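Have a look at the structure below, then the notes.
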Amino acid sequence: MKRTHRCADLTAEHVGKELVVMGWAHKRRDLGGVIFIDLRDISGILQVVFRSELDSALHHKAEQIRSEYVLAVRGTLVNRDEETINPNLPTGKWELVVKELRILSRAETPPILIEEGIDTNEAVRLKYRFLDLRRPDMQRNMILRHRVAKIARDYYDENGFLEIETPVLMKSTPEGARDYLVPSRVHTGKFFALPQSPQLFKQILMVSGFDRYFQIAKCFRDEDLRADRQPEFTQIDLEMSFVEVSDVIAMNEGFIKRCFDEVLGIQLQTPFQQLTYNEAMERYGTDKPDTRFGLELVDLSDIVKNSGFKVFSDAIARGGSVRALNAKGCGAKFARREIDALGEFVKIYGAKGMAWISVEENSLKSVITKFLAEEETNRILEKVGAEAGDLICFVADTDDIVFDALGHLRLEIARKLNLIDDNKMNFLWVTEFPLLEYDGDEKRWVAKHHPFTSPMDEDIDLLDTDPGKVRAKAYDVVLNGVELGGGSIRIHDQELQRKIFSRIGFSEEEAKDRFGFLLEAFKYGTPPHGGLAFGLDRLIMLMAKASSIRDVIAFPKVQNSSCLMTGAPDVVDVKQLKELHIAIKE
RNA sequence: GGCCCGGUAGUUCAGCUGGUUAGAACGCUAGCCUGUCACGCUAGAGGCCGAGGGUUCGAGUCCCUUCCGGGUCGCCA
């Protein structure tokens with residue numbers, strides 16, 4: 001028997017025809033003289049029927065069928081009687097009256113239900129991933145992922161990009177995430193690193209004259225996992241020559257727009273909103289703001305800098321700030337216990353606590369108002385737009401902590417109040433990131449993005465006088481509070497590159513040792529260039545409305561970076577270790 | 001590395017202040033059933049209560065340790 005159709009790839013025109021379909025026995029309904037099997041393949045489900053009155057031998061054979069048996073059936077597609085049509089099934093108007101059945105494979109009872117939206121523990125699903133991936137929602141996610149990858153290839157190809165592969169075995173580079181290392185058999189004591197991204201190679205490709213490069217690239221970072229972070233993940237990586245920030249942004253908005261249009265039927269408005277880094281921090285306390293709701297931060301430092309309330313004035317005297325957000329209606333809504341829980345919540349982010357004022361009809365409930373001058377209180381209430389029923393939440397500390405604490409508190413309150421509209425798709429670009437940030441542990445400036453990121457022309461002079469103020473030609477694209485991708489215009493001037501290296505404490509020798517090949521390449525005529533990389537997994541996660549990146553990766557790893565299906569990583573043969581000149585220290 | 005949540009039939013869960021033989025639903029098995037599609041009815045099988053130690057006359061329940069899964073802080077140029 002040869003398959004002629006997929007189970008659900010049928011139309012009214014197939015009625016009356018003889019066809020052969022193959023798939024898994026999804027559900028069996030044995031009524032005695034008649035047996036219905038829902039046959040499932042990647043396309044969907046088709047009901048097939050065995051009736052003893054038509055062929056008792058065949059009916060008898062069908063009695064053996066159990067869940068997840070793989071079947072081949074030949075039969076005639078017929079219209080169902082009006083009253084037996086199943087409106088819940090795309091193929092519900094028809095059924096296949098079987099003439100021939102082959103059991104291609106028997107199956108043990110599966111440990112998980114092969115159904116949409118099961119609530120089975122994820123560990124069980126991952127151990128039996130081959131069964132989990134049979135479920136329609138997982139198959140939809142994989143199909144969605146394929147379609148986005150296909151659009152990426154089409155879109156960038158149409159815009160003159162070339163897909164070029166870069167090595168997976170490469171040189172370890174300092175800074176950034178921890179590398180995955182691969183020992184060299186040939187070179188005793190030496191190691192390859194798996195790429196954290198193809199960054200250096202794509203810049204070299206620009207030097208080589210490949211104008212526009214793109215790649216769907218596997219990247220590796222040996223860091224702890226999160227719901228949206230895996231040790232190996234996929235980037236849509238690209239680089240362009242002879243461009244400025246606005247060119248890169250426009251090109252990639254085009255890609256996103258096309259994905260949402262073709263895959264989800266959602267028309268996005270372009271250009272996307274743009275926020276500078278500073279504005280994003282001031283208003284939302286984060287460089288990846290979720291703008292689906294308001295609840296913006298308010299800076300109260302000016303009002304309370306000379307306040308008698310030392311918690312506030314001291315924070316400002318030490319160079320920090322006092323900021324607040326107005327949780328509309330929460331004063332009336334939240335019990336004291338819930339407010340205290342918010343105070344505990346901000347401590348996660350390093351805040352020492354959360355001051356608050358609950359605004360009542362004709363009074364204020366708070367433990368801090370007695371330390372504030374009446375005029376200060378009034379100006380605060382006015383600035384945050386307080387009305388009866390509101391809860392004003394304050395954090396006073398260094399800017400870093402205030403932003404972090406209030407930025408997360410803003411999300412927490414939005415979740416509690418159900419302020420987030422799941423149907424919104426709020427894209428935005430965050431631009432003008434700081435070029436450098438100070439590393440307190442290492443006591444030096446480090447690159448925030450990477451050391452090849454170009455500073456903004458007008459800020460170059462600040463490199464010597466006020467490095468923290470230098471803005472970069474860097475940009476992130478953010479969707480609903482998730483960083484989807486980012487990139488920058490790179491430095492193509494050798495002098496400037498040298499200056500940046502020295503600014504971040506790289507000696508000439510170190511720079512040469514680590515990035516010598518790139519610096520060498522830059523000597524021979526380097527086009528201005530810049531690029532961007534999207535996190536493909538995160539993009540798919542949001543498009544699929546999945547809650548974890550694991551739901552859009554066929555074979556993901558769990559929190560301790562292992563694979564529950566294969567058992568990787570695992571010990572290896574002593575012989576293998578010996579060849580690699582590696583001894584395991586107990 | 002820190003903090004929080006969870007681990008009881010194949011699956012999802014219940015199991016009170018410690019007290020007889022650890023339950024339910026779904027799934028599974030068998031029998032019956034000719035229009036079901038959450039098929040129905042009847043019967044049945046199925047448990048190292050994650051593991052180890054402790055307290056107790058007695059532990060699924062309390063304590064300690066440990067393993068596993070999830071979330072998160074640190075980390076993630």
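As the structure is a prediction and not an experimental result, all values here were calculated from the model. Lettering of chains follows the sequences in order, A, B, ..., and the numbering in each one begins at 1.
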So, A:Arg74 side chain and A:Val98 main chain: donor-acceptor pair closer than 3.5 Å or not?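 Judged by distance alone, no pair lies under 3.5 Å.
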
Whole-Å [atom1] distance, [N] and [M]:
N: B:C16; M: B:G27; atom1: P; result: 28 Å
N: B:C4; M: B:C64; atom1: P; result: 12 Å
N: B:G46; M: B:C28; atom1: C1'; result: 9 Å
N: B:A24; M: B:C49; atom1: C1'; result: 16 Å
N: B:G18; M: B:U56; atom1: P; result: 15 Å
N: B:A30; M: B:C62; atom1: P; result: 41 Å

Each nucleotide of nucleotides 5-15 of chain B classed B (base within 4.0 Å of a protein heavy atom), S (only sugar-phosphate) or -, in 5' to 3' order, makes -----SSS---

Is there a donor-acceptor contact under 3.5 Å linking the side chains of [X] and [Y]?
X: A:Asp400; Y: A:Thr398; value: no
X: A:Gln235; Y: A:Ser197; value: no
X: A:Tyr213; Y: A:Asp237; value: yes

Between [options], spot the one nearest the side chain of [X], thanks.
X: A:Asp38; options: B:C37, B:G69, B:G71; value: B:C37
X: A:Phe36; options: B:U36, B:U34, B:G70; value: B:U36
X: A:Arg66; options: B:A30, B:C73, B:C39; value: B:A30
X: A:Arg80; options: B:G69, B:G74, B:U36; value: B:U36
X: A:Arg229; options: B:C73, B:G74, B:C68; value: B:G74
X: A:Gln559; options: B:U72, B:C39, B:U36; value: B:U72
X: A:Thr84; options: B:U34, B:U36, B:G69; value: B:U36
X: A:Thr109; options: B:G27, B:U72, B:U34; value: B:G27
X: A:Glu223; options: B:C28, B:G71, B:C76; value: B:C76

Strictly by Watson-Crick or wobble contacts shorter than 3.5 Å, is anything paired with B:C16, and which nucleotide is it?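 Because no pair has both required distances under 3.5 Å, B:C16 counts as unpaired.
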
With sequence neighbours excluded, what pairs up with A:Tyr128 under the ring pair (Phe, Tyr, Trp, His ring centres under 6.0 Å) test?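 Here no residue qualifies.
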
Just to confirm, is there a sub-4.0 Å distance from OP1 or OP2 of [N] to any side-chain nitrogen or oxygen of [X]?
X: A:Arg178; N: B:G74; result: no
X: A:Asn86; N: B:U36; result: no
X: A:Arg226; N: B:G70; result: no
X: A:Arg29; N: B:C39; result: yes
X: A:His408; N: B:C73; result: yes
X: A:Ser67; N: B:C28; result: yes

Between A:Lys448 and A:Asn560, just flag the one whose closest nucleotide in RNA chain B comes earlier from the 5' side.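 Of the two residues, A:Asn560 wins.
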
Categorize A:Leu89 for me: base, sugar-phosphate, or nothing, with a 4.0 angstrom heavy-atom threshold over every strand shown.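 Result for A:Leu89 = nothing.
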
Base, sugar-phosphate, or nothing for A:Glu95, non-hydrogen atoms under 4.0 angstrom?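 Here A:Glu95 touches the bases of the nucleic acid.
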
Candidate pair A:His492 and A:His529, rule ring-ring contact (aromatic ring centres under 6.0 Å, His included), full reasoning: CA-CA 7 Å; A:His492 69 283; A:His529 61 287; 7.2 Å; no

At what distance, to the nearest 0.5 angstrom, does CD1 of A:Ile35 lie from CD of A:Gln64?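 Nearest 0.5 Å value for the CD1-CD distance: 10.0 Å.
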
Would you give the length of the straight line joining atom CG of A:Leu436 to atom CZ of A:Arg444, rounded to the nearest 0.5 angstrom?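 Here the rounded value is 10.5 Å.
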
Within 45° cone of A:Phe506 ring axis and under 6.0 Å: A:Lys512 NZ or CZ: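 Output no; distance or angle outside limits.
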
